[in-house]
Every structure is written in C-alpha cells, then in structure tokens.
Amino acid sequence: MPLSWNEIKSRALAFSREWDQECSEDAEAKSFWDGFFNIFGITRKRIASFEEPVKKLGDHQGYIDLFWKGVLIVEHKSRGKSLEKAYDQALGYFPGLKERDLPKYVIVSDFARIRLYDLEENTQHEFPLKDLHKNVRLFGFIAGYQTHKIQEQDPVNIRAAEQMGRLHDRMKETGYDGHALEVYLVRLLFCLFAEDTGIFEKQQFKEYVEERTAEDGSDLAYHVSALFEALNTPREKRMKNLDEQMAAFPYVNGKLFEERLPMAAFDAAMRQELLECCSLDWSRISPAIFGSLFQSIMDKQARRNLGAHYTSEENILKLIKPLFLDALWEEFEKIRHNKNKLFEFHKSLRRLNFFDPACGCGNFLVIAYRELRLLELAILRASRASDQSFLDVHSLLHLNVDQFYGIEIEEFPAQIAQVALWLMDHQMNLLVSEEFGLYFVRIPLQTSSTIVCGNALRIDWKTVIAPWSVSYILGNPPFVGHHYQSAEQKNDQGQVLQEIQANGVLDYVANWYVKATEYMQENKEIETALVSTNSITQGEQAGLLWPLLLSKGVRINFAHRTFQWNNEARGKAAVHCVIVGFALFNRQEKWLFEYEDIRGNPHTLKVSNINPYLVNAPDIIVENRNTPICNVPKMSWGNKPTDGGHLILSPEERKELIEQEPLAETFIRRYMSGGDFLNNEERYCLWLLDVLPHELRALPLVMERVDSVRKFRLSSKAQSTRDYAKYPTRFRQIAQPDSDYLAIPEVSSERRDYIPVAFLSQKVICSNTVQFIPEANSYHFGIINSLMHNAWVRVVCGRLKSDYRYSNTIVYNNFPWPENPTEKQKQAIEAAAQGVLDAREKFPGSSLADLYDPLTMPPALLKAHQTLDRAVDAAYGKTTFKTEAERVAFLFELYQKYTSLFPPEKPKRRRS
C-alpha cells in the first residue's frame, strides 16, 4: 500500500537536505537513486536495474543508468553538466529497446537539479533538488498514485481494444471459444488495469508473465490459471509454499475469478500479444467506453469500425444531467456551507439506486457512478473546509457500485458492465487518494453491481430490483426499426405492446417506454430518461405509442429534440435521436433542449409543457385522418406500378421502342417518382389504361413487357399482388388526376428548410412516391411552400432514416391552415407564391434539389421565400416567431382549437 503524501513529503524533504550539498565527482548515483525511490516506500532493486546494457544505433553498446521497463529511464550526470545532453542520451537508447519496454517517463539529474519528462503528455518539469518536497506529486507514478485525466477520445482506448482483439483472435483460432473465452478476456482486462492503477503492484502481472513463463508460451496457460485461482483465494487460505511472486498478488473476491475455466493453450506469438497488452498504460483507459470497444472485438465486422459502437460521454451526460445530476449539484451549492445539511445530503446520495434495463456494457451506469463520486468528492472537500477535525476520509465514502442495476441480453457485455463499474470505482478511489493523500483501495471486492443477463422484455423487472427501491431508470435501449426486427423481437413486441393496435410499426425502443411506465405504477416517484430514435415522437408512431403512455399518467419533464448521436471515433456511427425524460408527475420546471444544428449544441428553453412531439404545447396527439381538418382540396397518393420495372422506360428505352414500334408512342407518358421530381430525372412509362386489344396485339414489344409484368406479379408472396396479375396492362394502384396538380415528394432531405413542391401537367404520371392535390391554386402552393407548413412537417411527419416522410393522413390532413384570412391576405400570399415560381424560372438548368440545397439555394429564391413567409405569417395573425419551437407551439394551439369541434376519424386500413 502506498505511503501517505504527508509521509512522502517528509521523506523528500529529508532526502533533499541530505543530498543538497557540494557532491564530489565520484558521488554515487546508485545511492542517490536508491534513496530517491525509498522516498516513496519502493525498493529500487525490485523494479529497476542500474547500468542496463542496450544496443544503440550503429550497433554501439550503451548502458542505461537506471531502467524500469515500460515506465522510466534515468540518465544521471555530474553536477553542472548539461541536462539537455543527458536527455538526448536517454532518447538514444530507445531504438535498442523492445516496444513494450519503452518508457513513459525520462528523468535527468545532476544531483542539484531534477528534470522530469512525461512522454505521453509531452510535458516537462524542472526544479532544484531542495524543492523536491514541493514537486513530489509529479512522481506519483512511482508511489502508485497515478491519476490521469481520462479522455474518451484518448487513442489508448482504441489501441487497447485492438490489441485485446488480436489476442482474442489467436485464442479463438486454438479452439478456445464461447463463454470461457469471454470470461478469460474479462479477467485479463482486470489484471491489466489492476497493475497500472495500484490494485496490483506496478507491472506485477507483466513481470510475472515475463519472468515465470517460457518464451514459447507452452506453460503460460498453467500460470495464468494458477494466478486466477490465487486471486480468488484469501491470503490466509493459500498454500503455504505458494510461489513467492504469485503469493504477492492480492485477494480480489467479487466472484470475478470464482468460476473454474477450461485450460487454455498459448504459443510464443500469443504470449507476445499478452505482453504487448501489458505494455499499454491501462490507467488511461476509460471504463465508460472501453466496455463497448471491448465487446466489439468479439465481432470482426464490428472491429472494422472500432469505436463506432460506443456511446460518447458527452451524449450520456445529455441524459443524466437533466435527469438527476443538475438538481443534485444545485442542492449541493445551496447547502455546502451548512455542516448538518451537508451531512444529510451526503447520506441521501447513498439511498439513490439506478436501473438501466438495456445496459449493454454499462456505459450509462458507469458515467452516472463517476459523476456521483465526483459530487461526493466535492462534499468531502466542503466538509473538510468546515470541520478541521475531519481526518478519516475513507470512512466517509458512502457511494458504492451496489447502487447500480441493469439487464443485458448478452452475457459478455453483462460481465463487462460489472467489471467496468469496479474499474470506475477504483479510478475514483485513486482520485480520493490523490486529493487527501491517503491511499484507498476496495480490495478485496466486497460489493458489486447487479447486472442480470436476460431479455429485458421477458424478465419481470421487479425480480431485478423492487420498484420502491429505484430512484431513476435510464439508458439507451435498442433502436431497431420495425422493418429490421427479427421474428423473436416481433414476438416480444407483440406481448409488451399488446394494448396498442398496429404495434408492429413501432420501433423496438417503444417497448422500454411501456415497460418502464408499467414498472413506475408501483413507485410513482421514479423518474425515467431514455435515448430513442426520433421516430417515436413523429408521425404515425407518435400517434400509436403516446395515447397509451399519457393514459397511464406519463408526463414529459425534459427532452432533447432531434440531434445527431455522434461518436468521435473511426468509422463513427451517427443516428438521429431524441432523449425523453418522463415520470408519472409533472416537475415544477420543465426543460426543452432545442437544436438549431443537429450536430451542434442545444439551446435550453424553460417551458410550461412538453408534448409527445417534444414541443411546448398541450398533450395533443395528431392522428391519421382521411380528410383535412380545414376546408382545402384533398391530397392523394400517386400511382403505384408494382410491375418489376417492366412498364417504366428510360429515355433510351423510349427512343428504341418508338423506333421499332412507332404506334407505341401514343401510350407512352412522362413518368415521375419523388426522386425524378426533385432531381429532374427523365423517365417514361407505358400508360395502357385505355388501350384496345387489337392495338396491344399490334405492339409485340409492348406485349412482351406486359407479359413480364404478369409473371412478376404471379411470383409475388402477396396474394393481392398475384390477383392483380390478371390486369398486367394496368398499374397496381391508379390515382392519376384529370387536371393539372400540385406535387409533393413523399421523401425529402432533412437538410432542406423547404420541401420543394411544384405544379405538374395532368399528362405527367406521378408515382406513389409523389402526393398530389388536383385542385390546388397559388394560395395552396404558397401555404404548403411556407416556413409555417414546413415547421409542422418537421414535427409531425414520419422519417425515412433522417429524411422527412410526408403523408396526407398525418401531415396534410391535420395541418391547421389560417383561420379566417382576408381577401387581401390571400392575394398577398398568391403574389408571393408567384414570386417563388418566378425566382425558380431564372435558373432553368437547375433541378429542385439544386435550388433547395441550403448550400446552393440562390439568394433570389431565398428572398422570394422570405417574402412568402411574411405573407403567410400575417394570414395567421402573427408577425414574428423567435424560434421554430414557438411557431410549432402556435400551430398546435390552433390544431387543438380546430379539432376540439369534432371527434377524430378512424384511420384507413393500412395498405399492404
């Protein structure tokens, strides 16, 4: 156990007084450094050698003054000699060292001065020997006090996972696989971490492997298994004649080493891989993210994007800060100078319990624990400041890992989660030791978190932890969209969401909302926050999920609106998410985090209510409607061919067909899908609605295409499609208008401020990825093109990935148009709408996608839209909106007003 800092400082002062005098030329450096290491209670001979021979560049022989493998090189000179030259000489030894033995620190000295180089942090510190006691904390790595600022983007996290991945692969190739391999690697992870953070002696595990095992690796598995056994055995129960080096390892407990594993087998290369792992500084590893990285090594495909699968600490904090952390710090600041209240506040932290029912590798639990321990450290500082008799900090550490509970479906990440919490506990204990100068370690392990391996949708959560014991539920459940769910997942969802009709279209994450809501019924003080796909707060999914949750008392107390869930790592995975914090009660203060840029930082808004669409508006559900709530023309879907592509023609195919069968031109029409519409792509279709039998028989090439349509439909799995093989000349669904119409693409990029819409000729056949209004005029064009309408779209529409998915039943039919616009206001909108069309005409070579890309939108078109927006806002009786959220809140109030006059319609049956 390391000495206290007070003891170390006292020894340093005595040492500097002894040596801070004129030394003779033959003053013995060995005695100097033996004494230096003794300051920290370390016997130099045990860990570092003098006059270590090494080959330098040019095959010259050199001798390192003092060498501690993998940690330190010391180069010592006579008094007054150049320390720069001494440093250069130390660096000259590096080419002759094995990579795993390269030091992290270099010290140069001339008896009178000491200079320390930290090679990893790229820093240096120099001071006279007489000031050693003032700078002794710089050498905490010698004593066992070593606290790095843990950085989630530290490359060591990636390197560590990659090296463990290589060891994993080699072990798997030998036939060591499955559960045994997973547990084995988790144990090795603990040992690697332990020797760099003071649980073991510095490099104790590495030295054991190097010194006790054969270079060919033949006996390595035996020694590792024996070590695992020793780590699981109290010292007093170990064999009396146990190898001295093995006996020096502490008793760990915690059931980590309890299970007897099959004997592995190593070779020279595998031994080398393990030693390479030992050479990393594991004290710099972030337990919060390494678990996810470590899990990904089990999957070679995932490893190609190593780092893409972990959740960044920044994003985790977005959830835990408003859920509980901000309030705890606010309370602490209020009572930090009141000794009695501070004492009670500290005790209250111990009563908090946290539950992640989809915990994975424990990221959320680990970060939550770290932040609570940092708060506890602040409490201890404040207590020390107000109570000078404050001595035994260790007895005042209340928080522990047994306050954390989780469910994880896979065994390996469940094991990692438990170990990661222990590792974080130890890192925080080191921080306390550094702060108060008294070394503290919880070994043997007495407590552990409760991580249950199982299916969270089938397990009764009350068997993991009773509801009345839980303070907060938090986490990041699986997102899985309904198209990507396995049969097993669909079955689970059918059971959990049985109260919701058409629950099959909901994303998988919705199950955790319902399970959490049911669980909270038995303790209505629980608060929950979940990261989710934004789909459950938009479009059809919001209308299915939230009526049930609201009926059971759910109230949203804080939320992050859509933002990009991004990870700072190679192959980073990005997905568009929301965070929803909810409970069965209303908080006095509700907070909405609004993102102007989904990749940026949010604006924080204090609001009166947060509805299921995550806007400051009443708890209203926008339901599927068959007809508009306002007196406007009906919007319909376009024509669906379901033809295998045989009725669709490229310009080249059209030309070739007309050359060979000129009479076919009568039946060829311009065809336009949503993508064609946006990108001005030219395609055509065979429109054989009114073709006569003899006309068709006169066109053999067209007949071939018609026959291909028939065969394609007959091969379908859907009975309705097979039935329609009887009508191979016709599109599967026909809805072509008899007049010119206003077209709106079904899918549009989320980057656009305005969804492009345009008038098309009735001769253009629009596909089912276009929706149309056949009786639209300039006024309708203006409203639908406005910022007002597009703000509504962004909130209530569904999404395809992150793109807007426009629908008539959710978006258009529920949109609240201006209530009573005057003729003058209508005329202003029509004039401004024409201005938008005129601005487009100035760029005949540009597609709508070109014109509405935020980076290429012409200023003239943008100005025309701004004029239109002002005209539309005026028709609503408003002239300014500070934010889009304010604009949407206004629309929801108007929607509530309109829809309160009549009951909702029953939705149409979903089309297959």
Side-chain angles (χ1 to χ4, degrees), residues 532 534-543 545-546 550 555-563 576-580 590-598 602-623 625 628-630 748 750-755 782-799 802-807 809-819 865-866 868-900:
S532 314
N534 57 8
S535 305
I536 65 162
T537 61
Q538 298 167 343
E540 183 179 22
Q541 292 200 40
L545 175 64
W546 286 96
L550 293 174
R555 298 296 178 263
I556 301 175
N557 288 318
F558 72 87
H560 283 260
R561 299 195 70 204
T562 299
F563 67 97
H576 292 80
C577 294
V578 294
I579 296 173
V580 183
K590 294 180 180 251
W591 298 96
L592 192 58
F593 299 87
E594 176 86 27
Y595 291 80
E596 190 172 318
D597 176 0
I598 61 171
H603 304 296
T604 306
L605 306 172
K606 186 177 179 180
V607 296
S608 57
N609 190 60
I610 301 173
N611 77 4
Y613 301 91
L614 308 188
V615 295
N616 180 18
D619 289 328
I620 299 168
I621 302 297
V622 176
E623 301 172 333
R625 291 185 183 276
I629 63 172
C630 297
S748 180
E750 48 90 17
R751 295 178 60 246
R752 299 185 182 115
D753 292 326
Y754 303 92
I755 294 178
I783 297 291
I784 290 175
N785 250 309
S786 71
L787 195 57
M788 192 71 87
H789 182 70
N790 280 273
W792 178 259
V793 171
R794 279 186 274 276
V795 171
V796 304
C797 79
R799 299 275 176 148
S802 62
D803 292 336
Y804 305 129
R805 190 167 193 167
Y806 197 99
S807 72
T809 56
I810 289 289
V811 182
Y812 180 79
N813 289 348
N814 284 295
F815 177 64
W817 291 63
E819 189 170 9
H865 268 283
Q866 290 169 343
L868 175 61
D869 290 335
R870 287 192 292 270
V872 171
D873 287 355
Y876 279 98
K878 297 283 286 186
T879 54
T880 57
F881 292 97
K882 294 179 181 177
T883 65
E884 181 157 299
E886 185 180 322
R887 185 182 293 274
V888 172
F890 169 80
L891 287 172
F892 266 103
E893 290 175 2
L894 199 56
Y895 173 83
Q896 185 180 40
K897 179 180 179 180
Y898 290 176
T899 57
S900 63

Checklist entry - Can you find a heavy atom in the side chain of Val795 that is under 4.5 Å from one in the side chain of Glu884? => result no
Checklist entry - Given the rule in the side chain to side chain contact (heavy atoms under 4.5 Å, CB included) test, do Tyr754 and His789 qualify, once you have shown the distances and angles that lead to the verdict? => result CA-CA 9 Å; Tyr754 303 92; His789 182 70; over 6 Å; no
Checklist entry - Considering all heavy atoms of both residues, which atom of Pro818 and which atom of Ala875 are nearest to each other, and what is their separation? => result CB-O, 3.7 Å
Checklist entry - Is any side-chain heavy atom of Pro816 less than 4.5 Å from a side-chain heavy atom of Tyr895? => result yes
Next on the checklist: I want to check something: taking the side chain as every heavy atom from C-beta on, are Trp546 and Asp619 in contact at a cut-off of under 4.5 Å?
Outcome noted: no
Checklist entry - For the residue pair Asn814 and Arg625, what are the closest heavy atoms and their distance? => result OD1-NE, 2.7 Å
Next on the checklist: Assess the residue pair Arg805 and Gln538 against the criterion (side chain to side chain contact (heavy atoms under 4.5 Å, CB included)); give the C-alpha distance rounded to whole Å, side-chain angles, the decisive distance to 0.1 Å, and a yes or no.
Outcome noted: CA-CA 10 Å; Arg805 190 167 193 167; Gln538 298 167 343; over 6 Å; no
Next on the checklist: Centre-to-centre under 6.0 Å for Phe892 and Trp792, is that the case here?
Outcome noted: yes
Item to check | Test side chain to side chain contact (heavy atoms under 4.5 Å, CB included) applied to Leu891 and Phe815, step by step | outcome: CA-CA 8 Å; Leu891 287 172; Phe815 177 64; 4.3 Å; yes
Checklist entry - Can you tell if the side chain of Ile556 reaches within under 4.5 Å of the side chain of Leu614, non-hydrogen atoms only? => result yes
Checklist outcome for this item: Closest non-hydrogen atoms of Ile810 and Gly539, given as atom of the first, atom of the second and distance, are CG2-CA, 3.9 Å
Checklist entry - Taking C-beta and beyond as the side chain, do Thr883 and Glu594 meet within less than 4.5 Å on heavy atoms? => result no
Checklist entry - Would you find a donor on one side and an acceptor on the other, under 3.5 Å apart, between the side chain of Arg561 and the backbone of Asn534? => result no
Checklist entry - Just by modelled atom types, is the Trp591 backbone N or O under 3.5 Å from a matching donor or acceptor in the Asn557 side chain? => result no
Checklist entry - Do you know the tightest heavy-atom contact between Arg752 and Arg794? => result O-NH1, 3.6 Å
Next on the checklist: I need the minimum non-hydrogen distance between Leu592 and Val615, along with the two atoms involved.
Outcome noted: CD2-CA, 4.1 Å
Checklist entry - Is it true that a side-chain atom of Asn790 and a backbone atom of Ile755 form a donor plus acceptor pair closer than 3.5 Å? => result yes
Checklist entry - Is there a donor-acceptor pair closer than 3.5 Å between any side-chain N or O of Asn611 and the backbone N or O of Pro618? => result yes
Next on the checklist: Please check: side-chain N/O of Asn616 versus main-chain N/O of Val607, any donor-acceptor pairing under 3.5 Å?
Outcome noted: no
Checklist entry - Got a donor-acceptor contact below 3.5 angstrom from the Tyr804 side chain to the Glu750 backbone? => result yes
Item to check | Smallest separation among heavy atoms of Ala617 and Asn609, with atom names | outcome: O-ND2, 2.7 Å
Next on the checklist: Can you confirm whether Leu868 sits close enough to Asn785 that some side-chain heavy atom of one is under 4.5 Å from a side-chain heavy atom of the other?
Outcome noted: yes
Item to check | Steps toward side chain to side chain contact (heavy atoms under 4.5 Å, CB included) verdict (Tyr613, Thr537) | outcome: CA-CA 5 Å; Tyr613 301 91; Thr537 61; 5.7 Å; no
Checklist entry - Are any side-chain N or O atoms of Tyr898 and backbone N or O atoms of Trp817, one a donor and one an acceptor, separated by less than 3.5 Å? => result yes
